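Structure first, then comments.
Here the structure is a predicted model, which means the values were calculated and not measured. We name chains A, B, ... by the order of the sequence lines, and we start the count at 1 in each one.
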Amino acid sequence: MAKKHQTPMLDELEKGPWPSFVTDIKRMAETGKDACADLLGQLELSYKDKEGHWKHGGIVGVLGYGGGVIGRYSDVPDLFPGVEHFHTVRVNQPAAKYYHSESIRKIMDIWNRRGSGMLNMHGSTGDIIMLGAFTDELENIFAELTSLGWDLGGSGSALRTPSSCLGQSRCEFACINAEDICYDLTQSYQDELHRPAWPYKFKFKVDGCPNCCVASLARSDCAIIGTWRDDIRIDKAAVAAYAAGEFAANGGAHGQDVKLDIQKDVCDLCPTQCMAWDGKTLSINNKECTRCMHCINMMPRALRPGKDTGASILVGAKAPILDGAQMGSVIVPFIKMEPPYEEFKEFVEKMWEWWDENGKNRERIGETIQRLGLGTFLAAVEVEPDPRHVKEPRSNPYVFYKEDEVPGGFDRKIEDYRKRHAR
Amino acid sequence: MAKKHQTPMLDELEKGPWPSFVTDIKRMAETGKDACADLLGQLELSYKDKEGHWKHGGIVGVLGYGGGVIGRYSDVPDLFPGVEHFHTVRVNQPAAKYYHSESIRKIMDIWNRRGSGMLNMHGSTGDIIMLGAFTDELENIFAELTSLGWDLGGSGSALRTPSSCLGQSRCEFACINAEDICYDLTQSYQDELHRPAWPYKFKFKVDGCPNCCVASLARSDCAIIGTWRDDIRIDKAAVAAYAAGEFAANGGAHGQDVKLDIQKDVCDLCPTQCMAWDGKTLSINNKECTRCMHCINMMPRALRPGKDTGASILVGAKAPILDGAQMGSVIVPFIKMEPPYEEFKEFVEKMWEWWDENGKNRERIGETIQRLGLGTFLAAVEVEPDPRHVKEPRSNPYVFYKEDEVPGGFDRKIEDYRKRHAR
Amino acid sequence: MAERLTDIGPPKYDLFWPQVIKDNAGKWLYHDILEPGVLLHVSETGAKIWSVRCGTTRLMTTMMVEDICKLADQFCDGHFRFTTRNNVEFLVVDESKLEPLKKALKAAGNLPIGGTGASITNIVHTQGWVHCHTPAIDASGVVKAVMDDLFEYFGSHKMPAQVRISLACCLNMCGAVHCSDIAILGVHRKPPVIEHTHLDKMCEIPTTIASCPTAAIKPAKVDDFKSVAVNADRCMFCGNCYTMCPAMPLADADGDGIALWVGGKVSNSKSMPKFSKLAVPFIPNEPPRWPTTVKMVRQIVEAYVAGANRYERLGEWAERIGWERFFEKTGLEFTHHHIDDYRFAATTWRTSTQFKW
Amino acid sequence: MAERLTDIGPPKYDLFWPQVIKDNAGKWLYHDILEPGVLLHVSETGAKIWSVRCGTTRLMTTMMVEDICKLADQFCDGHFRFTTRNNVEFLVVDESKLEPLKKALKAAGNLPIGGTGASITNIVHTQGWVHCHTPAIDASGVVKAVMDDLFEYFGSHKMPAQVRISLACCLNMCGAVHCSDIAILGVHRKPPVIEHTHLDKMCEIPTTIASCPTAAIKPAKVDDFKSVAVNADRCMFCGNCYTMCPAMPLADADGDGIALWVGGKVSNSKSMPKFSKLAVPFIPNEPPRWPTTVKMVRQIVEAYVAGANRYERLGEWAERIGWERFFEKTGLEFTHHHIDDYRFAATTWRTSTQFKW
Ligand code: SRM
Ligand code: SRM
Ligand code: SRM
Ligand code: SRM
Ligand code: SF4
Ligand code: SF4
Ligand code: SF4
Ligand code: SF4
Ligand code: SF4
Ligand code: SF4
Ligand code: SF4
Ligand code: SF4
């Protein structure tokens with residue numbers, strides 16, 4: 001008979017229309033998965049105590065890898081022995097998280113046999129998170145996964161599992177092959193991913209366009225965001241159809257019956273006010289466009305990004321620990337992104353080298369840049385300063401000059417000064 | 001014969017259409033004022049050297065006052081003995097700098113007899129600056145000035161000479177009696193003005209309305225800026241006249257022939273978009289108005305501030321030394337300003353007390369607030385936190401809680417914790 | 001060990017694509033959201049693909065994955081994907097299977113259709129009491145309670161614009177909630193309690209001291225044990241010390257709870273990306289259904305729905321009406337905790353007479 | 001000394017008012033700028049006052065004041081005032097005296113009429129080499145050269161909006177140039193040169209050390225003298241050490257010069273007040289007429305006139321078109337010095353893909 005704890009509080013979470021993780025876990029527990037039963041039991045205890053019941057991890061992992069597994073132990077193992085060990089195995093997801101039932105079943109099967117059967121689909125970084133393994137199963141799980149063509153993701157002070165939006169696979173807005181870039185970086189930097197050797201973690205995320213569906217701008221040390229340099233493509237017939245109310249506004253995002261007022265909804269909301277609509281022709285002053293995507297989002301059937309596409313590279317996004325959250329900052333305003341992405345990788349390697357040399361322990365690259373200055377970082381990665389790097393130029397007068405920038409240098413003799421100026 | 005130095009470089013500044021200070025000083029030098037001749041001589045030397053030739057001041061002043069005089073000595077006194085001493089006497093200007101020839105002539109006469117005859121009309125803080133006195137004349141100058149009803153302004157770590165825009169004396173926008181407030185504060189705080197006793201300088205400036213013609217918001221530790229709480233007054237007939245092109249736009253600021261497009265120039269530029277114009281009626285949703293003054297500035301003959309007037313108090317503006325420049329921050333969103341300004345003065349005294357206790361040496365109040373937190377300052381001056389104090393609420397999660405805010409306080413026993421959580 | 005495979009990386013991205021994607025990747029012409037949860041993408045070639053998006057719990061069992069696989073087998077030749085917000089998308093190539101799939105999903109009951117367009121889509125979240133050692137709150141339980149309450153908005157397009165809610169269970173913010181329309185954040189409010197008897201054994205003292213961003217931690221000798229002391233006045237409860245040293249736990253039933261943040265966004269559309277701003281500094285932990293949190297989230301959502309223009313993100317709305325108005329409209333209280341006092345605090349002060357009554 | 005007067009304060013503000021102001025203060029109804037430099041104010045009572053505004057040098061002699069007094073006596077019953085930007089205003093009560101006053105002013109030649117409305121009014125400035133001990137540049141000379149060049153704009157209304165130029169001769173910024181449409185700022189670029197032989201006598205070493213905001217100053221013993229040393233890498237040339245200690249001068253012919261700043265404003269009209277931003281990091285001192293400074297100020301002014309909408313302040317224009325476009329339109333170079341690296345630097349970085357080519 002399957003193990004069972006009383007979970008009166010958790011049972012409350014079986015109510016309501018949104019799917020219930022409690023119901024799901026309960027049915028798994030009922031198949032005899034003690035880990036699941038004990039997970040519920042321990043969670044119920046947490047609900048009672050209003051405190052979690054997991055301990056720090058300690059070092060667990062698989063041979064030759066410095067990451068990919070997060071150790072986790074219960075602090076009440078006597079009560080819940082099924083989760084005494086409850087390590088996480090981060091399995092590197094395929095870019096954009098496409099699956100076929102046949103293949104995913106195979107790895108679920110491993111997990112059913114050797115783990116708790118619990119998962120996060122997916123972790124915030126993008127991995128398939130297998131939640132709850134005992135230490136002695138880790139090597140087996142790893143061996144079976146790799147034999148099927150899967151590998152672990154990142155953890156620790158290493159490259160983390162890169163991820164991307166679905167890009168060109170199903171999105172008409174994609175300016176770059178987000179999934180290919182994600183895959184290529186993952187493969188090119190396997191060593192950086194599996195063998196932590198940096199001051200702290202480092203994340204890549206790839207968005208096909210400035211809509212940022214994988215939130216690269218907020219959540220990755222290096223965001224690769226598709227964009228274009230030429231003109232927005234306009235399909236005049238489709239513009240007319242929007243004007244005539246034939247197409248739903250914003251790709252139907254507000255319901256098929258919500259139509260577009262081109263002036264009000266598109267032109268008036270363009271942040272640069274570079275669009276004009278005279279009731280017949282929609283024109284865009286592309287030189288003034290900041291490629292924000294708004295108009296394209298509003299009229300996906302009429303407008304498309306240009307054809308001279310590439311990416312903007314924004315560096316430094318991170319969560320608040322320690323110096324406050326950061327978003328990525330524009331470092332390379334535009335770079336072509338064609339396989340094998342040599343130019344981009346050269347940039348990446350310069351960036352890593354600088355960070356590796358200058359970053360303090362547990363200092364994200366964004367923080368290192370804050371500490372040493374954006375200008376210093378740009379010099380290190382050999383990017384010319386550009387107004388596009390800033391929202392606005394400095395407003396304080398505290399400009400540092402280097403000695404070689406100033407005629408005569410810094411060395412002066414007080415005697416010379418005093419010749420001109422009595423004390 | 002009047003003394004004369006060769007000033008080939010300065011002579012170049014006699015050319016051109018803008019009035020020439022060189023020409024002016026030369027004619028004064030020609031009357032026999034050696035100080036003026038030597039001032040030109042020393043300035044010419046500075047033009048040659050590209051370095052100034054004044055030394056630090058040292059302590060000079062008048063009896064019983066800790067300020068009002070800035071000591072200044074030439075570092076090339078042998079060459080220019082007329083400016084060996086060149087102390088500044090800061091004479092407190094009348095609020096808004098109205099003069100009558102009769103009265104100003106009298107103080108000019110003092111200055112002709114006892115000083116260099118050089119002036120700044122006026123100093124950046126607002127004083128009449130008498131530029132260039134010898135130490136032994138200071139007491140005499142002071143005695144003659146006071147006998148005529150004039151007094152010195154501030155310097156050092158003291159209250160500085162308050163100043164104001166011309167306010168109600170000649171401006172229809174003035175919501176408060178800026179000059180009276182300026183005068184009242186100057187008189188009420190004579191001791192603070194003449195006897196430096198604070199961490200650093202402190203400035204009041206009073207603007208009659210948010211146009212800020214005396215730049216209080218940028219240049220005074222405490223800015224008193226007139227505003228209103230009720231509705232903008234609309235003169236419909238005058239609106240119609242603007243619509244008909246009878247009045248020049250913006251009070252003629254762009255020429256009498258530039259007329260107003262009420263929709264485009266007024267409503268569309270209203271920052272809150274709270275105005276509506278249907279070609280006949282101009283309506284303002286006053287609840288959403290931020291009293292920016294734009295519409296009133298555009299149509300001074302049709303719109304006027306409301307009648308329930310008072311001031312917003314912004315604290316902390318200063319130049320960049322040391323922590324970067326600051327503008328004033330809203331501390332008291334609205335306060336009535338009727339003589340004798342008791343409520344305001346209570347606020348001022350609380351503010352000074354806090355700053356005096358907490359400010360470090362040479363720390364402006366704005367910097368003390370930065371260092372100790374705006375919330376701390378608000379508590380000290382007994383102002384309730386209000387969204388109007390900030391442009392936006394905090395975005396970092398680093399909230400400090402005090403022990404008494406948290407049930408159970410901060411003291412916990414590890415033994416209790418370990419009862420629930422094994423190590 | 002000779003044949004031990006390492007560093008092979010994940011399966012290539014196109015391995016699991018349906019044929020229509022293999023043929024049309026990079027050629028998609030436009031999309032159309034036919035109804036909440038149902039996307040149509042049309043290619044330059046005329047090819048079409050329908051995606052049916054369904055909410056998931058993220059925290060799920062292999063049985064749940066099997067549920068998904070079965071439906072995918074039946075209607076999608078086994079193809080599906082997960083979105084960046086933990087929804088699952090069934091990829092339909094044969095239009096005739098669309099309605100039957102929707103029917104089957106409704107029957108299944110644990111995969112609600114929705115999350116597209118101007119909806120409140122799934123809540124990005126973290127692990128909470130289900131796995132992590134540093135949380136101040138649970139994750140899945142809070143998400144469940146909030147989504148139950150907002151369910152009507154998941155399967156409809158009634159929002160002014162997309163609304164992205166995220167949850168992170170501690171200041172580490174694995175949910176990267178710092179740029180969300182609404183963020184639910186677990187916060188500690190008590191300084192670490194120190195296990196002096198073991199600290200020196202479990203942790204490196206210099207690293208522990210260095211871990212504190214406010215320099216609140218100093219070395220200390222307690223009852224002959226080498227340990228550390230925390231200056232409670234300087235502690236901002238970030239938890240970084242505990243990350244570095246297990247002998248300094250922060251978790252506390254009374255101290256911990258939820259802060260709500262609003263108005264962040266990531267996309268560059270119209271306005272530049274924005275950080276989320278503090279809306280509610282603290283709500284106590286109220287398991288199992290966190291009613292106050294649920295209520296306050298709804299308060300924010302409803303004020304937004306009532307006040308925003310169409311196409312206006314929550315943060316754009318708040319900035320347009322002004323934060324004083326935001327607090328008025330949402331009925332939330334503004335406290336001294338809302339006033340920033342961290343590194344860039346001064347940049348958030350109101351340096352203008354422009355404000356509303 | 002018994003009768004020694006102190007603490008009497010300035011003359012009361014209304015002492016020198018013309019009668020019409022005494023009668024109408026607080027009752028003014030509207031103003032009208034009849035032509036550049038000539039203001040009419042009309043009262044609720046129907047009373048009128050004309051003000052004729054004229055540029056002055058600010059640095060002036062008592063003879064210049066006498067020139068003003070004479071004109072005031074002749075046309076204004078002796079009444080005049082100075083504005084907050086060092087212009088003088090002749091207050092005319094009798095309309096018939098207006099034209100004769102203007103004629104007399106033109107004849108005088110040293111009091112140009114203008115400075116109202118959409119003009120470039122007088123430059124607020126400081127003392128420079130004429131009086132102060134810390135300047136990096138002269139003040140009056142630079143102002144003269146710049147105003148000569150911009151003279152056409154002083155007496156006309158050709159600007160899109162008012163343009164406020166300010167000058168400060170060192171980072172103390174007595175001209176409060178930090179919120180000006182265009183700011184001319186004297187900057188040092190060499191660390192202080194230290195007079196070790198006298199420092200200990202002239203200055204308090206601890207105060208001197210404490211004066212440095214970047215902690216670049218350390219105590220040092222040099223040739224047996226107690227003195228200080230400056231870490232040149234950390235010095236940002238603020239001059240605060242020299243303010244505290246005369247044995248550490250910064251001034252240097254090659255090191256010193258001018259930086260230009262743009263786009264600040266103080267008024268709350270339309271947009272909130274703004275700081276000025278760096279436009280040109282350094283222009284060498286070029287006495288007597290600072291031609292490069294003059295040229296670059298004009299470059300900025302002309303780009304602004306060509307590009308801005310009517311009623312748009314310089315900073316509003318720059319923000320509307322974007323700073324990348326500002327540098328393109330003005331032809332100024334963007335360098336690494338433009339990128340902030342002081343305390344709030346990170347808040348100025350571009351955290352969006354929104355920018356223009
Ligand atoms: C599993 C996961 C949360 C989840 O439920 O999805 C997670 C879990 C943890 N994160 Fe995270 N982070 C996870 C994604 C993130 C993200 C989101 C992302 O990558 O897009 C962030 C924000 C972005 C960023 O990187 O800044 C994130 C920011 C952090 C931080 C704060 C880092 C900072 O610089 O501010 C920490 C603290 C640390 O490193 O000590 C952290 C630390 C942790 C640790 C290792 C806790 C710790 O203090 O040691 C957590 C382990 C929990 C466990 O039991 O497995 N985690 N963490 C996510 C990884 C799953 C995956 O591989 O897919
Ligand atoms: C005379 C005057 C400039 C002028 O040409 O008009 C002036 C002159 C000096 N100022 Fe100033 N300041 C003058 C108005 C200002 C203003 C403008 C204002 O008051 O509106 C400011 C900016 C606003 C502010 O207060 O921040 C100003 C900000 C400074 C600072 C920087 C203070 C800061 O906190 O950043 C210093 C540095 C200091 O105090 O050591 C300073 C220091 C000085 C000293 C005392 C130089 C020093 O380092 O000791 C100068 C004396 C020069 C002299 O030889 O007389 N002066 N000073 C102005 C006073 C005249 C008057 O009383 O009317
Ligand atoms: C499937 C997914 C990408 C993926 O690789 O998985 C995706 C897919 C699409 N996004 Fe997205 N977005 C997805 C996450 C995001 C995110 C990330 C997030 O929320 O964490 C963002 C940034 C959110 C933010 O700004 O905070 C995002 C911001 C957008 C925007 C910008 C909207 C805006 O006004 O700011 C658009 C354009 C639009 O909706 O008009 C967009 C548009 C689209 C389109 C229409 C693109 C297309 O042409 O196919 C896709 C369907 C829209 C829809 O769901 O209504 N997508 N999209 C993600 C679905 C998440 C979900 O399950 O709910
Ligand atoms: C005389 C003076 C006040 C004084 O007490 O001396 C004054 C007087 C007037 N100001 Fe001013 N302002 C005066 C300095 C200022 C300043 C301070 C400064 O420049 O240092 C400002 C803030 C500048 C800034 O924002 O950087 C200032 C910002 C305004 C504004 C806001 C304009 C804007 O669009 O931002 C107005 C409204 C307008 O012009 O439409 C205004 C309007 C006015 C009016 C129309 C008020 C009235 O109804 O009489 C006055 C005549 C306007 C004119 O000159 O065109 N006044 N005005 C100052 C004349 C200075 C000069 O000689 O040039
Ligand atoms: S980021 Fe752009 S390309 Fe990628 S899925 Fe979103 S809209 Fe499409
Ligand atoms: S992409 Fe944005 S900035 Fe460009 S035209 Fe469209 S709405 Fe305007
Ligand atoms: S600040 Fe206002 S009240 Fe004072 S002069 Fe300027 S416009 Fe008039
Ligand atoms: S004062 Fe400003 S905010 Fe108010 S209505 Fe006029 S323009 Fe709009
Ligand atoms: S947010 Fe904090 S508690 Fe939650 S998973 Fe991340 S590290 Fe753990
Ligand atoms: S919680 Fe953070 S602030 Fe408090 S002692 Fe620990 S590291 Fe320091
Ligand atoms: S700006 Fe500097 S140099 Fe100029 S007067 Fe002020 S303190 Fe002196
Ligand atoms: S100039 Fe400023 S930064 Fe340089 S040493 Fe002196 S005080 Fe320090």
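A side-chain donor from one of N211(B) and N297(B) sits under 3.5 Å from a side-chain acceptor of the other. Side chain to side chain, N240(D) and R362(B) meet the donor-acceptor criterion of an N or O pair below 3.5 Å. Using modelled atom types, one finds a donor on one side chain and an acceptor on the other under 3.5 Å when comparing D32(D) with Q256(B). Using modelled atom types, one finds no donor on one side chain facing an acceptor on the other under 3.5 Å when comparing S166(D) with H178(D). For the 3.5 Å distance criterion, the side chains of N86(D) and T56(D) fail to qualify, holding no donor opposite an acceptor. Looking at H131(D) and T88(B), their side chains do bring a donor and an acceptor atom within 3.5 Å of each other. Of the N and O atoms on the side chains of N87(D) and N122(D), at least one donor lies less than 3.5 Å from an acceptor on the other residue. Side-chain polar atoms of S51(D) and E89(D) form no donor-acceptor pair below 3.5 angstrom.
Proximity to chain D (any heavy atom under 4.5 Å) is restricted, for Q326(B), to the backbone atoms N, CA, C and O. With a 4.5 Å cut-off on non-hydrogen atoms, Q127(D) touches chain B through its side chain but not through its backbone. With a threshold of 4.5 angstrom between heavy atoms, C182(B) does not approach chain D through any atom at all. Proximity to chain D is absent for every atom of M130(B), based on heavy atoms less than 4.5 angstrom apart. Contacts between R304(B) and chain D at a heavy-atom distance below 4.5 Å involve the side chain alone, from C-beta outward. Both the backbone and the side chain of T243(D) have a heavy atom closer than 4.5 Å to some heavy atom of chain B. Neither the backbone nor the side chain of F247(B) comes within less than 4.5 Å of any heavy atom of chain D. Contact of V91(B) with chain D is not made at all, since no heavy-atom distance falls under 4.5 Å. Only the side chain of L43(B) comes within contact range of chain D, with at least one heavy atom under 4.5 Å from a heavy atom of that chain. With a 4.5 angstrom heavy-atom cutoff, I68(D) does not touch chain B via any of its atoms. Residue contact with chain B, scored on non-hydrogen atoms closer than 4.5 Å, is absent for C169(D). Neither the backbone nor the side chain of E44(B) comes within less than 4.5 Å of any heavy atom in chain D. In this structure, chain D has a heavy atom under 4.5 Å from the side chain of L39(B), while its backbone stays farther away. Looking at I49(D), the atoms closer than 4.5 Å to chain B (heavy atoms on both sides) all sit in the side chain, from C-beta outward. R343(D) touches chain B through its side chain: at least one heavy atom from C-beta onward sits under 4.5 Å away, while N, CA, C and O do not. Only the side chain of F344(D) comes within less than 4.5 Å of a heavy atom of chain B; its backbone N, CA, C and O stay farther away. For A174(B), no part lies near chain D; criterion is any non-hydrogen pair under 4.5 Å. In this structure, chain D has heavy atoms under 4.5 Å from both the backbone and the side chain of A215(B). With a 4.5 Å cut-off on non-hydrogen atoms, F154(D) touches chain B through its side chain but not through its backbone. With a 4.5 Å cut-off on non-hydrogen atoms, H31(D) touches chain B through its backbone and its side chain both. With a 4.5 angstrom heavy-atom cutoff, V124(D) touches chain B only via side-chain atoms. Proximity to chain B (any heavy atom under 4.5 Å) is restricted, for D138(D), to the side chain, taken from C-beta onward. Residue T31(B) touches chain D through its side chain alone, counting heavy-atom pairs closer than 4.5 Å. When heavy atoms are compared at a cutoff of 4.5 Å, D323(B) approaches chain D by way of both its backbone and its side chain. Proximity to chain D (any heavy atom under 4.5 Å) is shown, for D180(B), by both the backbone and the side chain.
Under the 4.5 Å side-chain criterion, counting only non-hydrogen atoms from C-beta, M121(B) is in contact with I104(B).
Salt bridge status for D67(D) with R27(B): present, with a side-chain N to carboxylate O gap under 4.0 Å. By the 4.0 Å N-to-carboxylate-O rule, R105(B) lies too far from D109(B) to be salt-bridged with it. Between R4(D) and E139(B), at least one side-chain nitrogen of the basic residue sits less than 4.0 Å from a carboxylate oxygen of the acidic one, meeting the salt-bridge criterion. The existence of a salt bridge linking R195(B) and D7(D) is confirmed by a sub-4.0 Å separation between a basic side-chain nitrogen and an acidic carboxylate oxygen.
Under the 3.5 Å distance criterion, the side-chain polar atoms of E14(B) are left unmatched by any main-chain donor or acceptor of L10(B). A donor-acceptor pair is defined here as one N or O able to donate and one able to accept, closer than 3.5 Å; such a pair exists between the side chain of H100(B) and the backbone of D77(D).
Relative to the ring axis of Y98(B), R81(D) places its NZ or CZ within 45° and under 6.0 Å from the centre.
Residues H122(B) and Y99(B) place their aromatic rings such that the two centres sit under 6.0 Å apart. Aromatic pair H41(D)/Y30(D): ring centres not closer than 6.0 Å.
Heavy-atom pairs under 4.5 Å with chain B were tallied for L29(D), N24(D), N285(D), V88(D); the largest tally goes to L29(D). Counting heavy-atom pairs under 4.5 Å between each of R301(B), R291(B), K360(B) and chain D puts R301(B) at the top. For the set I21(D), D14(D), V42(D), the entry with the most heavy-atom pairs within less than 4.5 Å of chain B is I21(D). For the set E35(D), E66(D), E286(D), the entry with the most heavy-atom pairs within less than 4.5 Å of chain B is E66(D). Chain B forms the most heavy-atom pairs under 4.5 Å with one residue out of A118(D), G255(D), S119(D), G117(D), and that residue is A118(D). Highest contact tally toward chain D, considering only H194(B), M293(B), E179(B), is held by E179(B) [criterion: heavy-atom pairs under 4.5 Å]. Ranking A25(D), G264(D), P246(D) against chain B, the residue ahead of the rest is P246(D), based on heavy-atom pairs under 4.5 Å. For chain B, the option among T57(D), D254(D), L39(D) with the highest count of heavy-atom pairs below 4.5 Å is T57(D). Your options are K318(B), K48(B), K33(B), and the one with the most heavy-atom pairs under 4.5 Å with chain D is K318(B). Contact count versus chain D (heavy atoms, under 4.5 Å) is highest, among S216(B), P210(B), P271(B), for P210(B).
Heavy atoms from other residues, nucleotides or ligands lying under 6.0 Å from CD of E102(B) number 12 at most.
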